Amino acid sequence: SCATYQGVVKQARDTLKHDPHKAVKMLEKPAAEEGKDQLVYLFDYGTALQLAGDYRRSNEILLQADRMAEVKDYHSISKQALSLLANEEQVQYKGDDYEKVLINAMLGINFLMMGDLDGALVETRRLNQKLEHYRIDAKKNYEQNVFAVYLGGLIWESNRDWDDAYIAFEKAYKLNSGIPYLKEDLLRAALNARRSEKAREWQKKFGVQPKPEWKNRGLGELVLIYQQGWGPRKYPHPTWHRIPKLYPVHTITVGAKLIIDSKKISEPTQQIYSVEEVAIKTLDDQYAPLVAKRVGAVVAKKVVADQIRQKNEVAGFLADIVMQASDRADLRQWSTLPESFQIAKVLLKPGTYKVRVEGVDENGSPTGEAMFDREFEVKPGKKTFFTWRSFQ
């Protein structure tokens, strides 16, 4: 089962880099088939649809995945027993918590690409409500998703809801004070929200000055949501093959530059959220219960084999070998997620601009991976969002 999933999704991932429309066709059938692997296929299918530019259909699929992931399914006793005697792959895949949270982030991006700011804001709120549920009800201490919080701030700002924008930027700063954009974001939002005391506080703390263009309501802003690389991939743990371990996927392109030639502008992206770090931490936090369950599986197999051995020693010996050999790590995961979400933004006069995005390596040098010229319209007082994904 797991080998089948990994085989299908590997082909789709390889195709996704060059032909997302073809990858969509490869994932459509397995995502439609009911069964224990359907959710993980829905994750990858929804991603492929987004990269193919079919944002509406991507939303339909990701909303289906969201409903499926939240079903309170505790599995039948027979399925649980089967997972002990065979392997974890026999149980319906319900998704890791960080994956469930990122459903809403991807939905938010889709809504932005369709120009639906209200829909995007709903998803950022739903995302953080999930995290509050994990923290309060499920007793899981996950951090808020700073990407959703920061994106919410940008959307509130585009709607001229200055106070809500300020609250979102301040929350983002508390979650990750290392985002360079936040120095100006906080000061600008505080001034627009008429929080004079806060504005003075941030101005003193950061040593930044208000910019004249902040008062120009006729300007618009172009915002790139850059999805970089591949999230970490699951493999059997080197110390015990029955449990999974996440490994980073190396890529040469680690950042990007938003380039507007007519204005001679080249704005580098800033990392807002690392999927890689959160995914690895989430799985690390699950190791104790994972190990305990697989130890229980080893014991259960030994008991069953011993019962068979009492009737037929050879059969019991063979049953023990087969059951132990079949117990492997569950490697199912949302494997088409990016490594990180990054942002680049530029204030511009209203008009239509030719824009391209160039991937860069850790030294800031072009890698050859790029989004070539596209035209975007910038409207006064509004933000124009677009997205690009790199793979190499």
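Start at 1 with the first residue, then count along the sequence. Everything numeric here is computed off the predicted structure, so don't read it as measured data.
Put simply, the residue from Phe386, Phe385, Tyr353 that forms a ring-ring contact (aromatic ring centres under 6.0 Å, His included) with Phe376 is Phe386.
Annotation: side chain of Ile259 is not in contact with side chain of Val355 (no heavy-atom distance under 4.5 Å). Between Asp118 and Val122 there is no side-chain heavy-atom pair separated by less than 4.5 Å. In this structure, the side chains of Leu348 and Ile265 come closer than 4.5 Å at one or more pairs of heavy atoms. Here the side chains of Val278 and Thr282 are in contact, with some heavy-atom distance below 4.5 Å. Using a 4.5 Å heavy-atom cutoff, the side chains of His237 and Ile243 are in contact.
The list of salt bridge (Lys or Arg N to Asp or Glu O under 4.0 Å) pairs with a residue in residues 217-234, not counting sequence neighbours, reads Asp96-Lys234, Glu221-Lys383. Pairs of residues two or more places apart, or lying in two chains, that qualify as salt bridge (Lys or Arg N to Asp or Glu O under 4.0 Å) and include a residue from residues 358-381 are Arg356-Glu358.
Closest non-hydrogen pair, Ala329 versus Pro244, comes out as CB-N, 3.7 Å. Considering all non-hydrogen atoms of both residues, Ala120 and Gly108 come closest at CB-O, 3.6 Å. Here the closest heavy-atom approach between residue Trp230 and residue Ser335 is recorded as CE3-O, 3.8 Å. Across all non-hydrogen atoms, the minimal contact from Ser58 to Gly46 is OG-O, 2.7 Å. Listed here is the closest heavy atom pair of Lys245 and Pro238: CD-CD, 3.6 Å. Residues Asp163 and Ala193 share a closest heavy-atom pair of OD1-CB, 3.7 Å.
Note that CG of Asn110 is 9.0 Å distant from CG of Leu63, once rounded to the nearest 0.5 Å. Rounded to the nearest 0.5 angstrom, Leu16 CG and Leu51 CG are separated by 5.0 Å. In this structure, CG in Leu246 is found 10.0 Å from CG in Leu331, a value given to the nearest 0.5 Å. Atom CG in Asn216 sits 8.5 Å away from atom CD in Glu213 (nearest 0.5 Å). A distance of 9.5 Å separates CD in Glu123 from CG in Leu62, rounded to the nearest 0.5 Å. The distance from atom CG of Leu186 to atom CD of Gln203, rounded to the nearest 0.5 Å, is 12.5 Å.
Using a cut-off of 4.0 Å between Lys/Arg side-chain N and Asp/Glu carboxylate O, Asp66 and Arg126 are scored as salt-bridged. Looking at Glu197 and Arg200, no side-chain N of the basic residue comes within less than 4.0 Å of a carboxylate O on the acidic one, giving no salt bridge. A salt bridge does not link Lys354 with Asp261: every distance from a Lys NZ or Arg NE/NH1/NH2 to an Asp or Glu carboxylate oxygen is 4.0 Å or more.
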Steps toward side chain to side chain contact (heavy atoms under 4.5 Å, CB included) verdict (Asn176, Tyr273): CA-CA 9 Å; Asn176 182 1; Tyr273 182 77; over 6 Å; no
May I have the step-by-step check of side chain to side chain contact (heavy atoms under 4.5 Å, CB included) for Met113 and Gln50, ending in yes or no? CA-CA 9 Å; Met113 296 308 102; Gln50 183 188 90; over 6 Å; no
Under the side chain to side chain contact (heavy atoms under 4.5 Å, CB included) criterion, do Tyr45 and Thr336 qualify, and how do the steps go?
CA-CA 9 Å; Tyr45 184 37; Thr336 49; over 6 Å; no
| message | Between Leu102 and Asn145, is the side chain to side chain contact (heavy atoms under 4.5 Å, CB included) condition met? List the steps. | response | CA-CA 9 Å; Leu102 283 168; Asn145 185 305; 3.9 Å; yes
Assess the residue pair Tyr41 and Tyr93 against the criterion (ring pair (Phe, Tyr, Trp, His ring centres under 6.0 Å)); give the C-alpha distance rounded to whole Å, side-chain angles, the decisive distance to 0.1 Å, and a yes or no.
CA-CA 10 Å; Tyr41 281 121; Tyr93 187 71; over 10 Å; no
| request: Assess whether ring pair (Phe, Tyr, Trp, His ring centres under 6.0 Å) is satisfied between Phe341 and Phe147, documenting all intermediate values. | output: CA-CA 7 Å; Phe341 290 96; Phe147 172 68; 4.4 Å; yes
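Under the 4.5 Å side-chain heavy-atom criterion for grouping Ile, Leu, Val, Met, Phe, Trp and Tyr, Phe111 is connected to Leu117 within one hydrophobic cluster. Grouping the Ile, Leu, Val, Met, Phe, Trp and Tyr side chains by contacts below 4.5 angstrom, directly or via other members, places Tyr247 apart from Tyr98. Hydrophobic clustering places Val378 together with Leu224 (ILVMFWY residues linked when any side-chain heavy atoms are closer than 4.5 Å, directly or through intermediates). Under the 4.5 Å side-chain heavy-atom criterion for Ile, Leu, Val, Met, Phe, Trp and Tyr, Phe169 and Trp214 are members of the same hydrophobic cluster. No single ILVMFWY cluster, assembled from side-chain heavy atoms under 4.5 Å apart, contains both Val346 and Ile272.
For the residue pair Ser340 and Glu276, no side-chain donor N or O sits within less than 3.5 Å of a side-chain acceptor on the partner. Thr253 and Ser390 share no donor-acceptor pair across their side chains, judged by distance under 3.5 Å alone. For the residue pair Ser274 and Glu339, no side-chain donor N or O sits within less than 3.5 Å of a side-chain acceptor on the partner. No side-chain donor from either of Gln38 and Glu33 sits under 3.5 Å from a side-chain acceptor of the other.
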Result block: side-chain N/O donor-acceptor pairs under 3.5 angstrom for residues 148-156, not counting sequence neighbours:
from, atom 1, to, atom 2, distance (Å)
Tyr150, OH, Asp185, OD2, 2.6
Tyr150, OH, Lys345, NZ, 3.1

Please report, to 0.1 Å, the donor-acceptor pairs under 3.5 Å made by any side chain of residues 18-32, with sequence neighbours excluded.
from, atom 1, to, atom 2, distance (Å)
Asp19, OD1, His21, N, 3.4
Asp19, OD1, Lys22, N, 3.2

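A distance-only check finds no donor-acceptor pair linking the side chain of Lys94 to the backbone of Leu39 [under 3.5 Å]. Of the possible polar contacts, none joining the Arg389 side chain to the Tyr226 backbone as a donor-acceptor pair under 3.5 Å is found. Between the Thr269 side chain and the Ile343 main chain, no donor and acceptor come within less than 3.5 Å of each other. Remark: the backbone N or O of Lys174 is not paired with any side-chain donor or acceptor of Ser177 at under 3.5 angstrom. No donor-acceptor distance shorter than 3.5 angstrom exists from the side chain of Gln227 to the backbone of Thr387, with no hydrogens or angles considered. A distance-only check finds a donor-acceptor pair linking the side chain of Trp334 to the backbone of Phe43 [under 3.5 Å]. Not a single donor-acceptor pair under 3.5 Å links the side chain of Glu157 to the backbone N or O of Ala165.
Shown here is Arg194, whose CZ atom has no more than 12 heavy atoms of other residues, nucleotides or ligands within 6.0 Å. Counted within 6.0 Å of NZ on Lys17, heavy atoms from surrounding residues, nucleotides or ligands total more than 12; the atom is thus considered enclosed. Shown here is Leu347, whose CG atom has more than 12 heavy atoms of other residues, nucleotides or ligands within 6.0 Å.
The side-chain hydrogen bond (donor to acceptor under 3.5 Å, both in side chains) test applied to Ser158 returns no partner, not counting sequence neighbours. Evaluation of the ring-ring contact (aromatic ring centres under 6.0 Å, His included) rule for Tyr55 yields no partner, not counting sequence neighbours.
Between Phe206 and Tyr173, the distance separating the two ring centers is shorter than 6.0 angstrom.
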